[in-house]
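Inspection log for the structure reproduced underneath, given as structure tokens.
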Amino acid sequence: MHDNLVIVESPAKAKTIERFLGKEYFVTSSMGHIRDLEKKDFGIDMENNYQPKYIVSPDKKKIVAELKKHAKEAKMVWIASDEDREGEAIAWHLKEVLKLKPEKTRRIVFHEITKEAILKAIANPRPIDENLVNAQQARRVLDRIVGFEVSPVLWKKVKPSLSAGRVQSVAVRLIVEREREIMNFESQSNFRVTAVFLVPDKNGNPVELKADLKKRFETKEQAKAFLEKCKTAEFSIADIVTKPSKRTPAAPFTTSTLQQEASRKLGFSVSQTMSVAQRLYEAGKITYMRTDSVNLSSLAINTAKNKIIESLGEKYHKLRQYKTKSKGAQEAHEAIRPSYIDQEEVSGSNQEKRLYELIWKRTIASQMADAELERTTINIAVSNSPELFQATGEVIKFDGFLRVYMESTDNEDESDENASLLPPVKEKQALRAELVEATERFTQRPPRYTEASLVKKLEEQGIGRPSTYAPTITTVQNRGYVVKEDRPGVERQFVQMSLVDNQLKEAVKTEITGAERSKLFPTDIGMVVNDFLIKYFDKIMDYRFTAKVEVEFDEVADGNRVWSEVIDEFYKPFHENVENALEVSERTNGERILGDDPKTGKPVSVKIGRYGPLAQLGETTEEGEKPQFASLRSGQHLETITLEDALDLFKLPRDLGEYEDKKVSVAIGRFGPYVRHDNKFVSLEKNVDDPYTIELDRAIELIEAKREKDRKALIKTFDEEPELRILNGRWGPYISYKKKNYRIAKGTEAEKLSLEDCMKIIEAGPKPKQKKKK
DNA sequence: CAGTGAGCGAGCTTCCGCTTGACTT
């Protein structure tokens, strides 16, 4: 029995706070929101001023019951949810659901989890901010209306189970538009000239001085003409300019920047970053990981200061206060930082250690001095040409924060800008060129998004919140709008001309270009849905839509507008859009006519079918002729597939002949090319067999090889039950019975199982599977 | 585990943000 009940949002936070408060305080958590709009029947009373119909979320029933019990026993209930729009709404829902009486309820907020801050908060309670709550209700209702009115349009006009929403649909749009930019990109080539000069160092030994020609040549002829000139040219130092420069550390981590850096430096996916951070947070090692604030508490700043001065000295420290400037930031928390900044490392899994180290370094670096650099630019004149070569070098005069941490960039091509030392040279000094080389370079297409760079882009536009970045990225992939994939690059030839010992040589070389790792690609369905939404719901699909409604929510929060009026103003034209889309739009399937099959003269087209993208040959005719269908392969797209590639799809399945009186055919399935025989499937060997050319003999070879492998996998069978087999699989022995597989408990000797034992295992059944979402 | 692609038209799907487990492979 406690006199005081304090309710916060997260249990880890509750635990920390309880340590600061005396025995009279019991601190517990609501686990986020406890109520939400009803899922069935829309959850909004559209005839009655958009009145929300709230119900306690099923997974929160238990928590609410406990909270009720504690609230009844307490003399005073302190609601300490976050001080932002969502937090204020949580406070209000708690008050409503727990039926808290005003005289025994207090709303408090604090920005720092320290004893002083919390005691100060308790001394200064305030009423629940109704305006802020209404702003949240407007946000919630708008999102429900958009999601639940637009999604059904997609079910009718495109495909069932699809979804649309204020955040996810623009996330897909970004990816689709980037892909089209890449499709339409035409790479230009130019020639970059580099030279290596030999210069004596302090001891008179020759060292290399590498320099780039400032001008790039558009054509090979121009580049070649320049190299020809170089044969007779004299090179000399035109001038040397040395300029000081400095670098400043990046701000402490927010959710989005943590996801970006963990992706670049550690190769984590955004959801991986979040779950590792969650574990660190729960273990009390870092502050809260869902935040858009770059603010550090005064305690953190002081601890960092002491740590830096103690280990590196006074001059490495610089006190810095960071201000959040991203749109829509709500500053309910601190930046993500170590809870105890003097702790350089933590125990735990490898991933936890690495992520913690990253957070620690970033936090410390953010309180460190600028790095001071000196950048030297040497211009090298060419006697018979106005062009200049340029060599640049960078020397670190004082490393400052670079001692600890250096932020990465998304640009993979800037790695050659590494700081290098230049050999000692003087103005007017003559140089001997050892090598002059002109290399054909190509302009770069825009980069595809990674999960993390998409989060960055969304945050810049104020779309989505720290708690939703990772789930949004998962959703667009789950809906099949976007896939995260590796793609192999393609070979590209380029020309390289080199001048050595006055000999001009020319070579054609090859490089790999366009290879991608873990990048986001739109699928065909993603593109079709995107185009449909842009056509009929351009307002929602506008990148500025969220920013615009946020302005209105702010007006509600400031008490200058009534939330239901804001919604009404939005809803009337929006709903007309919905009605119009339902009425006017054709069923959309992204159909594209590719041309006619030269052999049969039949039309060939591609479109989205029930099971995904397909190619169609011929049409349904009145004479009862039916078209042929074939699924597109991974890597093929409605927008880009050619007639030839589509026609190739109809060459499979191929009949190879018979083996043991049964047909042998070859085709391509979800897992690649396979041979089919006697209702069994055998994969073709990668990079060896080609489904278009493979012959019967080789197919039989594969079938026999598979049989041999299966025999080895077979542990035991029973004559009484031919359908039951004990097999050896990838994860050890298991039972196969009537096309279902059953696990054998670890430690049991599979060979000794009797038929009865097996039947018992089968009766126990495979664990009831949760309904799987695709 | 991979083949399908018309169709009687049931009943279902879906949003964003706040939180943590409980899941499977």
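Naming: A, B, ... by sequence-line order, numbering from 1 per chain. Computed from a prediction, not measured in an experiment: that's the story for all the values here. The basis for the numbers below is simple: all heavy atoms, side chains too, and nothing from hydrogens, waters or symmetry mates.
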Subject >> Closest to the A:E282 side chain, choosing from B:dG21, B:dA2, B:dG17 >> reply: B:dG21
Original post:
Distance from A:F26 atom CZ to A:H70 atom NE2, nearest 0.5 Å?
Top reply: 4.0 Å
Original post:
OP1 or OP2 of B:dC15 less than 4.0 angstrom from a side-chain nitrogen or oxygen of A:S151, does that happen here?
Top reply: no
Subject >> Residue-phosphate contact under 4.0 Å: A:S29 side-chain N/O, B:dT19 OP1/OP2 >> reply: no
Original post:
Using a cut-off of 4.0 Å on non-hydrogen atoms, how would the nucleic acid contact of A:S169 be classed: base, sugar-phosphate, or nothing?
Top reply: nothing
Original post:
Under 4.0 Å between a side-chain N/O of A:R290 and OP1 or OP2 of B:dT20, yes or no?
Top reply: yes
**OP:** Report the distance from atom CG of A:D59 to atom C1' of B:dA22, rounded to the nearest whole Å.
**Re:** 12 Å
Subject >> Cation-aromatic face contact A:R479/A:Y481, 6.0 Å, 45 degrees >> reply: no
Original post:
How many Å lie between CG on A:L458 and C1' on B:dG17, as a whole number?
Top reply: 15 Å
Subject >> Given DNA chain B, 5'-ward residue of the pair A:P471 and A:P613, judged by closest heavy atom >> reply: A:P613
Original post:
Picking from B:dC15, B:dG5, B:dC18, which would you name as closest to the side chain of A:F629?
Top reply: B:dG5
**OP:** Please answer whether the main-chain N or O of A:V158 pairs with a side-chain N or O of A:R587 as donor and acceptor at a distance below 3.5 Å.
**Re:** yes
**OP:** Please work out if A:Q616 contacts a base, only the sugar-phosphate, or nothing of the nucleic acid, heavy-atom cut-off 4.0 Å.
**Re:** nothing
Original post:
What integer distance in Å separates A:K15:NZ from B:dT20:P?
Top reply: 12 Å
**OP:** Could you check which of B:dA2, B:dT14, B:dC16 has an atom nearest any side-chain atom of A:S683?
**Re:** B:dA2
Original post:
Does the base of B:dC16 carry an N or O that pairs as donor and acceptor with the side chain of A:R139 under 3.5 Å?
Top reply: yes
Original post:
Does a side-chain N or O from A:Y288 land closer than 4.0 Å to OP1 or OP2 of B:dT19, or not?
Top reply: yes
Original post:
Which part of the nucleic acid, if any, lies within contact of A:G43, taking any heavy atom under 4.0 Å across all strands shown: a base, the sugar-phosphate backbone alone, or nothing?
Top reply: nothing
**OP:** Just call it for A:F42: base, sugar-phosphate, or nothing, with non-hydrogen atoms closer than 4.0 Å on any strand.
**Re:** nothing
**OP:** Please report, rounded to the nearest Å, how far the C1' atom of B:dC15 is from the CG atom of A:N478.
**Re:** 15 Å
Original post:
Roughly, in whole Å, what's the span from CZ in A:R479 to C1' in B:dC16?
Top reply: 13 Å
Subject >> Nearest listed nucleotide, side chain of A:L614, among B:dG3, B:dG5, B:dT14 >> reply: B:dG5
Original post:
By a strict heavy-atom criterion of less than 4.0 Å, which residues belonging to residues 157-167 of chain A are in contact with DNA chain B?
Top reply: A:P160, A:S161, A:L162, A:S163, A:A164, A:G165, A:R166, A:V167
**OP:** Please assess A:E460 against A:Y543 for the test side chain to side chain donor-acceptor pair (under 3.5 Å), listing each intermediate value before the final yes or no.
**Re:** CA-CA 11 Å; A:E460 282 168 4; A:Y543 291 121; over 6 Å; no
Original post:
So what does A:T468 hit on the nucleic acid, given a heavy-atom distance under 4.0 Å: a base, only sugar-phosphate, or nothing?
Top reply: base
**OP:** Pick base, sugar-phosphate or nothing for A:G464, based on heavy-atom distances below 4.0 Å to the nucleic acid.
**Re:** sugar-phosphate
Original post:
Is the NZ or CZ atom of A:R139 both under 6.0 Å from the centre of the six-membered ring of A:W563 and within 45° of that ring's axis?
Top reply: no
**OP:** Assign A:Q168 to base, sugar-phosphate, or nothing according to its heavy-atom contacts below 4.0 angstrom with the strands shown.
**Re:** sugar-phosphate
**OP:** For A:D84 and B:dT19, give me the distance from atom CG to atom P, rounded to whole Å.
**Re:** 8 Å
**OP:** Rounded off to whole Å, could you give me the CD-to-C1' distance for the A:Q136 and B:dT19 pair?
**Re:** 14 Å
Original post:
Does a distance-only test, which skips hydrogens and angles, find a donor-acceptor pair under 3.5 Å between the side chain of A:R140 and the base of B:dC15?
Top reply: yes
Original post:
How long is the line joining NE2 of A:H93 and P of B:dC18, in whole Å?
Top reply: 13 Å
Original post:
Picking from B:dT19, B:dT20, B:dC16, which would you name as closest to the side chain of A:Y281?
Top reply: B:dT20
Can you give the donor-acceptor pairs under 3.5 Å from side chains of residues 165-175 of chain A to other protein atoms, not counting sequence neighbours?
from   : atom 1 : to     : atom 2 : distance (Å)
A:R166 : NE     : A:D143 : OD1    : 2.6
A:R166 : NH1    : A:T546 : OG1    : 3.2
A:R166 : NH2    : A:D143 : OD1    : 3.4
A:R166 : NH2    : A:D143 : OD2    : 3.0
A:Q168 : OE1    : A:S163 : OG     : 2.7
A:Q168 : NE2    : A:S163 : OG     : 3.4
A:S169 : OG     : A:G165 : N      : 3.0
A:S169 : OG     : A:G165 : O      : 3.2
A:R173 : NE     : A:E177 : OE2    : 2.9
A:R173 : NH1    : A:M541 : O      : 2.8
A:R173 : NH2    : A:E177 : OE2    : 3.2

Subject >> Main-chain N/O of A:L5 paired to A:T28 side chain as donor or acceptor, under 3.5 Å >> reply: no
Subject >> Neighbour count above 12 (heavy atom, 6.0 Å) for A:K662 NZ >> reply: no
Subject >> Listed nucleotide nearest any side-chain atom of A:W155, set B:dT14, B:dG17, B:dA2 >> reply: B:dT14
Original post:
Does A:K53 come within less than 4.0 Å of A:D41, counting only side-chain N to carboxylate O?
Top reply: no
**OP:** Quick one: label A:P11 by what it contacts on the DNA or RNA (base, sugar-phosphate, nothing), any heavy atom closer than 4.0 Å.
**Re:** sugar-phosphate
